[in-house]
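To keep things clear, I will list the structure first and then write my remarks on it.
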Amino acid sequence: MRLALHHLVLIALLLLASGGIAPASAGGRWKLLQSSVGVSGMHMQLLHNDRVILFDRTNFGPSNLTFPAGHPCRVNQQDLFQPKGDCTAHSVEYSVASNTYRALSVVTDTWCSGGHVRPDDGALVQNGGWRDGVRKVRVMPACGDTSCDWTEQAAPEVLAADRWYPTNQNLPDGRAIVVGGLNQFTYEFLPKSAGPAATFALPFLSQTNSLYPFVHLNIDGNLFIFANNRAILFDYRTGTVVRTYATLGNGGDLRNNPNAGSSVLLPLKPNPTEAEVLICGGTPASSNSAVARGVFPPALSTCGRLRITDANPSWVVEEMPSPRVMGDMITLPNGEVAIINGATDGTAGWESANTASLAPVVYRADRPLGSRFEEQRPAGTPRPRMYHASALLLRDGRVLVGGSNPHHFYNFTNVKFPTELSLEAFSPDYLDSSNANLRPNIVDPSPRNGPVDVKYGGQLQLLFSVPAGLPVVDGVPVASVAMVAPSFTTHSFAQNQRHMFLQVVVGKADLRPIGGAQVPNNVYVATVTMPATSVLAPPGYYMMFVNNGRIPSGGIWIRITQ
Ligand SMILES: *[C@@H]1O[C@H](CO)[C@@H](O)[C@H](O)[C@H]1NC(C)=O
Ligand SMILES: *[C@@H]1O[C@H](CO)[C@@H](O)[C@H](O)[C@H]1NC(C)=O
């Protein structure tokens, strides 16, 4: 590959920049980004403009963020506490690059809703909630300036059924499926198709628990759906249960809301023929009545891992280093899973847990059974992230955490866990400066530019440098490339999270000096083959990373279409 002069200039700038990173303590670190953004981050989504949309519920009185002068106040006669007008925001747009935020306007109640990113323009589509919000569909664009805000759709672009606690999943055909919600044993699709609004029966939810079921798109196009301690493989196109999986545990341990374990589709291999799900934490069923009596039993320390593509798989049960409820499981660029936030006792709910779980745990799926979990000891002091907290992966490899409000209102005094309006970043140890020489830096396509368009089965070339060079096996430099869908995270489940390793051929870049320019060492070209079908990767926006072993690059945005 012959490289133009601007590549060489870019590389020189990058090499200079990477020498200037301040030293950090080993083992990762916490950073308080904002002590208050004025709104508690119950729900969070990263968009491809590198801004995080976060929101809380709307109808419990003022937040701590007053709208700027001139911004219209929210007037909603359905509001429980301020029907005549509320001049505070209940949603915020946070810019990762500038570490700033601005107030956004939502009108109807967004409490315990679902969401996904729309594949065509990358807007956040968010649906459901409570009371007047229970059938709403709201759209927040990924704009380039600060002029955009939420719009709330009018009929017929609303849900066909009431959905409080629904789960969304992007589908191969570009739609999203919306599953469940309180007393809602059905599913439906967004955008609405022409004709009468339709819901489709899902009796499994009435046999289990329809609150935020764990939903993952399997590589055969069916949905893996887990609730309580049971799971099915479901063909949503025909409404049939394709497979009923074994029950996880002995019947007494529950995993989805309000027992609030978490679930993740483990990173898919290139051209995958198998897929696995990992579900961690939760509580014994008896914890729900115990917390009502002021007793906080230990949460579950077990995880279940299941090869969902097998005809009759068994759960492999593994032990975390400590119990956890209300944890978030976030896949990292290198394929490891961070388990972060939550408590070691109690359940999800107001005033329902007593001990924060402060140490993140990293799970390494490819290691031998018994050596997969590692408790992290990052520098710094994190804040407790109890009920109504959330977490997501940022493009720079950090995990953003926000929210935590185990109270009906914003309560800052006389409570053990004050309402958290802060945002923090957890930097895993791969971001320590001791790893700087190992870190790949993607040069082209430039991480500073917008999403790169790619096609199913198409190829994308990434030019990247690694200061210390890549390891070489059989004469070939070794690196991996992954694409990761940004999640809509709330209530301990990252909706739409998906991590795929891609087929890649890596070679040294053949750089020719231009004029007197010095040719930098250790520059590589990765030729990446995109997933073959939209069943493997639903269309839309993803982050793409290069990994040198465990050490990831910063990501670029891509958009995959037919
Ligand atoms: C939020 O506002 C309340 C009432 O004005 C104030 O007491 C509290 O300190 C504020 N909290 C934060 C974290 O900004
Ligand atoms: C939170 O504050 C509200 C009033 O703002 C109060 O009624 C409620 O009792 C407080 N909750 C707790 C748990 O202290």
Side-chain angles (χ1 to χ4, degrees), residues 30-44 52-69 71 73-74 76 78-95 98-106 109-112 130-131 258 260 287-296 325-326 341-343 345-356 358 380-391 400-426 491:
W30 289 102
K31 185 170 185 202
L32 183 64
L33 301 172
Q34 290 287 346
S35 58
S36 171
V37 296
V39 177
S40 196
M42 185 190 296
H43 319 74
M44 294 204 294
V52 174
I53 308 304
L54 73 81
F55 55 95
D56 199 345
R57 56 185 293 206
T58 56
N59 57 8
F60 63 103
S63 77
N64 272 55
L65 181 61
T66 303
F67 283 129
H71 190 113
C73 297
R74 167 178 159 274
N76 178 354
Q78 303 300 311
D79 191 289
L80 289 177
F81 289 89
Q82 296 172 287
K84 297 211 170 87
D86 175 359
C87 296
T88 65
H90 299 280
S91 177
V92 155
E93 181 190 67
Y94 170 75
S95 163
S98 62
N99 191 26
T100 55
Y101 60 94
R102 67 183 176 101
L104 301 176
S105 304
V106 273
D109 191 29
T110 47
W111 192 20
C112 305
W130 194 45
R131 293 171 63 95
S287 291
N288 297 328
S289 53
V291 297
R293 302 192 309 270
V295 176
F296 304 99
V325 59
M326 297 179 283
N341 291 347
D345 57 18
T347 66
W350 286 323
E351 326 297 336
S352 296
N354 198 43
T355 312
L358 295 175
T381 311
R383 308 234 173 144
R385 300 285 170 184
M386 311 294 281
Y387 188 43
H388 287 155
S390 59
L400 181 73
V401 300
S404 184
N405 186 15
H407 320 294
H408 194 153
F409 300 97
Y410 279 10
N411 295 64
F412 302 103
T413 51
N414 303 321
V415 286
K416 183 163 181 183
F417 299 106
T419 301
E420 268 303 336
L421 308 178
S422 64
L423 288 177
E424 282 172 293
F426 164 57
H491 288 78

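Each ligand, and each atom within it, is numbered from 1 in the order the structure gives. If you're wondering where the values come from, they're calculated on a predicted model, not measured in any experiment.
Classified by interplanar angle (parallel below 30°, tilted 30° to 60°, perpendicular above 60°), the ring pair His388/His491 is perpendicular.
Within ligand 2, the atoms closer than 4.0 Å to a non-hydrogen atom of Val415 are 12 (C), 13 (C), 14 (O), numbered from 1 in the order shown.
The side-chain hydrogen bond (donor to acceptor under 3.5 Å, both in side chains) test applied to Thr58 returns Arg74, Asp109, not counting sequence neighbours. When the side-chain hydrogen bond (donor to acceptor under 3.5 Å, both in side chains) test is applied to Tyr410, the partners found at least two apart in sequence or on another chain are Asp56. With sequence neighbours excluded, the residues satisfying side-chain contact (heavy atoms from CB on, under 4.5 Å) with Ser36 are Leu421.
Using a non-hydrogen distance threshold of 4.0 Å, Glu351 registers as a contact of ligand 2.
For the atom pair CE (Met42) and CZ (Phe55), the distance works out to 9.5 Å, reported to the nearest 0.5 Å. Atom CE in Met386 sits 7.5 Å away from atom NZ in Lys416 (nearest 0.5 Å).
Looking at Arg385 and Ser422, their side chains do bring a donor and an acceptor atom within 3.5 Å of each other.
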Give every pair formed by an N or O atom of ligand 1 and a protein N or O atom closer than 3.5 Å, one pair per line with both atom names and the distance to 0.1 Å, or write none.
from     : atom 1 : to    : atom 2 : distance (Å)
ligand 1 : 2 (O)  : Asn64 : OD1    : 3.2
ligand 1 : 2 (O)  : Asn64 : ND2    : 2.2
ligand 1 : 11 (N) : Asn64 : ND2    : 3.0
ligand 1 : 14 (O) : Asn64 : ND2    : 3.2

